[in-house]
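A short write-up of the structure that comes next.
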Amino acid sequence: MSKKGVLLTGAHFMNGDIACAEGAIVAGCRFFAGYPITPATEIAEHLSERMPEIGRIYIQMEDEIASIAAVIGASYAGLKAMTATSGPGFSLMQENIGLAIMTETPCVIVDIMRGGPSTGQPTMPGQQDVMQARWGSHGDYEIIALAPSSVQEMFDLTIDAFNLAETYRVPTLLLADEIVAHMWEKIVIPTAEKIRIVNRKKPNVSPEEYLPFMPDDLVPPMACFGEGYRFHATGLTHDEHGYPKTSSSEVQERLVKRLCEKIRRNEDKIMRVEEVMLDDADVVVVAYGIVARAALSAVRKAREMGIKAGLLRLITLWPFPQNHVAKIAGSAKRIIVPEMNCGQLVREVERAAKETSVVFLSKLGEEPHTPMEILEAIRRNS
Amino acid sequence: MPERMRHVPLDMEKAKRPEAEIHIIKDQCKGCGFCIKFCPQKVLEESQEINARGVHPPKIVDESKCVICGFCTAVCPDFAIFVVEKLSKEEIKK
Amino acid sequence: MVQETVHPLSKYLREAMIPHIWCTGCGNGVILNCFVQAVDELEMDLDKLVVVSGIGCIGRAAGYTNADSFHTTHGRSLAFATGAKLANPELNVVVISGDGDLFAIGGNHFIHAARRNIGVKVICANNFNYGMTGGQQGPTTPLEASTTTTPYGNIEHPFNLVHLAAASGATYVARWTTLHVRRLTQSIKRMLQKEGFCFIEVISPCPEIFGRRNKMRTGLEMMDWFKRASVVENFSDPSKAEISTEKLIVGEFVNTEKVSYEKFLHEKISQINEKRVGW
Amino acid sequence: MVNIMRIEIRFAGFGGQGIIKSGIITAAAACLYSQKNAVQTQSYGPESRGGACKSEVVISEEEIDFPKVVEPDVLVVMSQHAYNEYVERVKQGGTIIMDPNMIPHEKELQNVNVFHVPATKIAEEMQRKIVANIVMLGAFVAITGILDKDAVKESIKANIPKGTEELNLHAFEKGFEYAKNLLKS
C-alpha cells in the first residue's frame, strides 16, 4: 500500500476522478461518505485508500441519502466533508441538499453527470443535471456549482468548491461529466504556498452570547458540536437562535431571503468564466465542461477560416454568470450554445442575451459535439 | 405478610423516617394525571383549581404518606412535579 | 409544601423552547424526563453530548435538550449521527426519534447503523402510529388497529423492533414502557456507558391520535394497559417479545460487547500509518 | 521521432483485454516521459468483461483542446466486433494494427496500411494471455514511431501491478521485435 503525504506536488498523469479526490485532500477534506456509482466510483475508491493513510475518514454508506446525511453530520462535528455521486444518486441526495442549505452546512457534493433520465446511460457522458443542480431540492435557495473542463480543473475546482462552501456556508457542487471524470491527462499539483485554503469562520463570542444563525456579513460564524456552544440546528424555519419558528412569516422571509442574498450579493466574487477571443467576436459559443473543449477547437478553426468567433467558457454555472453573457450579447450577432442535453442552460443564456439570437445545439448519447459540428454551426451563423 | 417478616428492627425507635417535600409547578402541568393515578401511596389528587393551561393540576392530600419513591418526578411528562427529602432545621443550618 | 420553584432537571432543558408541543397524556415528555435524569445521574459532560432527532412528535426532543442538538430530515437521524460520531468519536451522540422515522423511512439506515456497530445510542418512542401527521398507519401499528389510513383495521404485520435491532447487530437492546420509568432510566444509563450501537424501544402512549381510535381515549387508559399487560422477561428471546392487548413483554434482551465501528476505523488508521494518528 | 501536431490513436477490443490500460500507458508515455501533450479518453459498456471497449489517445506537441478522437490516424484493434465497428473510420493513409487470430473476417480496405500482429497467440506462447495488449503495444511503438521505446517502457512500469514488470516488459519486447520483422519483410 502506498504511503503518500497530503500534497503530491509535481506532474502526474491521472484521471479526473482521481484528480478530484486529490483536490479534496489538499483542500482539507477530512471526511468522505459515498455510495458506489458509475462514473464517480473512482473518487470513492481512491479516497478509501488515501484517506486512512493520512489519518482521515472514509466511509461507504448504505445509499446516497445516508452519504449526504453523514457528510452534514461530519461537517457539523467540525470536519470539512465531501460526497461524490452521479445522476441517480444526485436525485436521492436532493432532500438533504435542502437540509444543508437550510442549516448552512459547508460541504462539497461532486456530481459526475451521465446520460439520464433514470438509470439512463451509466457509462456515457451527459450534462443533464444542470437544472437539477439549481432547483433539485424543494423551496427557494441559491447554490454554487462549478463545471470543470479538464483533469487539472477537476483538481483545482474541487479546492475552490471547498473554499466557497466554507466561505458562504453553502453546499457547493462540482458538476462534471463522465468524460472529464474518466479522461486521463497530465496535471500539475503546485506547492503548498501556491494553494489557497479557506477555513470556516468561527464564533468569537462566549457560548452565552452566541446566536448560531445570527449573520455576520450575511454568513453566520459556525460553532461545531463539542465546542461548548450547545446550539440547536434544524431543517425547520428557525430564528437566529436556531429555534423552530414555523408559523412566522417574518422569520421565514428573513431567513430564506438571507440564504439567497448571501450568494446573490457575492456573485461577483463567486462567478468565473474563461473568455477566448471575445473582443471582436461576431459569433460566440457559450459552453462548459467537456463540450467547451470541442467549442474551443471549433472557434480556433473558425478563426483560421477568417470567421470572427469567440468562446465564453462557463466555469461557474450557478450562480449563472448572466452579466458576462449580457456583455457579449451586446457586441456579438449570434450566440451558440452546445449542450449534452435537450436544452437546459441555454434558457439562462437566452434570458441574459435578451435581443441577441441564441442558437441551441443539442447532443445526447455517447459522444460530445465534435469540433466540426460546432464549426458548422458557427459558419452557418456567421 | 409471613410471620418471620413481622420482626421489628431493634433500633426502630431511633430510625428517622425521611420526610418528603413535594414541589408542584402548577402552571407547567398539562393534566395527564399520571402522577395521581400511579402514586403507590396515593399522596396526590386532582385539584379544583384551573391553571394557566386550563387543566386541574394535582394537589397534595397527605404529604406525610410520601415515601420519596420519585415515581411522580420521573413519570411527569412536563417536569411539573418533583419530590425531595425535607431537611430538618439542624440540617438547613448546616 | 413549596408552590413555585425550579425543577432540578430544568438545567438540561432549553428554557426558551419549553413548554413542549406534546399533548396531554403523551409519553414523549416521560421519555425526555428519563433521558435527562440518566444524563444527570451519570454527570455527563453536556458539552460533549449531541442529541439528534428525526421528524415526528418526538423529533422535537433534540431541540428541548440543552446540549448540542440537530433536527434532521425525516428518517435520516441515524445517517447524520453516524457522520457526527465518526468525525468526532469523543462526542456522545444520542438519537431520539420515533418508530415511523427510524423504521419506515429510516429503516435502511437503522439496520446498517446497527450492522456497522457505530457507537450511536438510540431511543425510539414507539406510539404505534404517525402522530404528528394525524395518526396514519406505520411500521409498528398492530394488526387490526384502526388508524386514519386503516379505517377497516390494519392488515400489515408490524415490526418487532427489538428483534430487528438484535438481528441487525445492536450490542444493547431493551424495551420498556413509559410506565417503567426507573427501569427505563437505568437502561438509558447502561446504554450511555456502552461502546457500539445500542437501542431502547419505549412503548409510549399517544391517546389523542392513536388511543382514541383504539378504545384508549386517555394517556391514563394507555398506561393502564402497560400496567396490566407488561411482563418483564430480561434476556428472553427478542423474537418472541410480543406486544398485544393481553401481553406486553419488556426487559433487556441483548447486552454484549463488540468493538465499535469508530474504534475499529481508528485502530485501522493507526495500523496503516502509525506516525500519523493526529486529526 | 516525428514532430507531431495532433495524432489520434484508437485502441479497441472487448473488456478484459487491457484496452483501456493500453491507452493510459501510451498517453502517459507521451506526456510524462516524452514532453508531449496527451490525453486519454475511453468508452466502455456496463460489462466488466466481454463488452465492447475503446480507449482513445490524442498526442500533440501543442495544447490539446478537444480530447476525443474524431478520425484516428492509428487503429489498434483486437476483436472482430471492434474491427467491424471502427475499421472504416480510420483516416485516409492511416494505420491499422490488428490481431488476425481475433479477427477472422477481414475486409478489403483502400488507402490504409494494415499490419497483422498475432498478439494473443504470442501472449499465449508466453503462458500469459493477459499480456496480449502489451505485445500489441510493443508492435504499435515499432510500427508508428510516434513514441520513444524507452518512454513507453517507463510508462508500462508505472502503470502495471508491482511484480509484473519483467513479464510485461518481455511481452512488450516480443511485440516490438515481431513488428520490426514485419517492417523489414
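Throughout, a chain's letter reflects where its sequence line sits, starting with A, and its residues are numbered from 1.
- Below 4.5 Å, heavy atoms of chain A meet heavy atoms from C:H112, C:R116, all part of residues 112-124 of chain C.
- Shown here for A:Y58 and C:L265, the closest heavy-atom pair between the two residues is O-CD1, 4.4 Å.
- Across A:L236 and C:H71, no two heavy atoms sit closer than the pair CD1-CE1, 3.4 Å.
- A heavy-atom distance below 4.5 Å is found between the side chains of C:F70 and A:I72.
- Remark: C:N66 CG to A:H232 NE2 distance equals 12.0 Å, nearest 0.5 Å.
- The two residues C:A87 and A:L79 make their nearest non-hydrogen contact at CB-CD1, 3.6 Å.
- Under a cut-off of 6.0 angstrom, the local environment of CD in C:E90 is sparse, with at most 12 non-hydrogen atoms contributed by other residues, nucleotides or ligands.
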Could you tabulate the donor-acceptor pairs under 3.5 Å formed by side-chain atoms of residues 31-41 of chain C, not counting sequence neighbours?
from  : atom 1 : to     : atom 2 : distance (Å)
C:N33 : ND2    : B:T73  : O      : 2.8
C:N33 : ND2    : B:A74  : O      : 3.3
C:N33 : ND2    : B:C76  : O      : 2.8
C:Q37 : NE2    : C:E41  : OE2    : 2.7
C:D40 : OD1    : C:Y12  : OH     : 2.5
C:E41 : OE1    : C:K189 : NZ     : 2.7

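- Heavy-atom neighbours of C:K268 NZ from other residues, nucleotides or ligands within 6.0 Å: at or below the threshold of 12.
- Residues from residues 97-110 of chain C that place a non-hydrogen atom less than 4.5 Å from a non-hydrogen atom of chain A comprise C:N108, C:H109, given in numerical order.
- Scanning all heavy atoms of the two residues, the minimum distance from C:N88 to A:F225 falls at ND2-O, 4.3 Å.
- Within the 3.5 Å criterion, the main-chain N or O of A:G226 finds a donor-acceptor partner in the side chain of C:D68.
- Heavy-atom neighbours of A:K201 NZ from other residues, nucleotides or ligands within 6.0 Å: above the threshold of 12.
- With a 4.5 Å cut-off on non-hydrogen atoms, A:T103 touches chain C through its side chain but not through its backbone.
- Nearest heavy atom pair, residue C:I269 against residue A:P52, reads CG2-O, 3.6 Å.
- For C:L78, no part lies near chain A; criterion is any non-hydrogen pair under 4.5 Å.
- The residue among C:L46, C:V93, C:D45 with the most heavy atom pairs within less than 4.5 Å of chain A is C:L46.
- The shortest distance between side-chain heavy atoms of C:D47 and A:Y229 does not fall below 4.5 Å.
- For chain C, the nearby part of A:F31 is the side chain; its heavy atoms alone come within less than 4.5 Å.
- Note: A:Y76 and C:F80 have tilted aromatic rings, judged against thresholds of 30 and 60 degrees for the angle between ring planes.
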Identify every side-chain donor-acceptor pair in residues 14-21 of chain C under 3.5 Å, counting partners at least two apart or on other chains, and give the distances.
from  : atom 1 : to     : atom 2 : distance (Å)
C:R14 : NH1    : C:G63  : O      : 3.0
C:R14 : NH1    : C:T65  : O      : 2.9
C:R14 : NH1    : C:S69  : OG     : 2.9
C:R14 : NH2    : A:R230 : O      : 3.1
C:R14 : NH2    : A:F231 : O      : 3.1
C:R14 : NH2    : C:A67  : O      : 2.6
C:R14 : NH2    : C:S69  : OG     : 3.4
C:H20 : ND1    : B:K30  : NZ     : 3.0
C:H20 : ND1    : C:W22  : N      : 3.3
C:H20 : NE2    : B:P77  : O      : 2.8
C:H20 : NE2    : B:D78  : OD1    : 3.0

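- Heavy atoms closer than 4.5 Å to chain C are found in both the backbone and the side chain of A:A233.
- Separation of atoms CD1 (A:I57) and CG (C:L86) is listed at 5.5 Å; rounding is to 0.5 Å.
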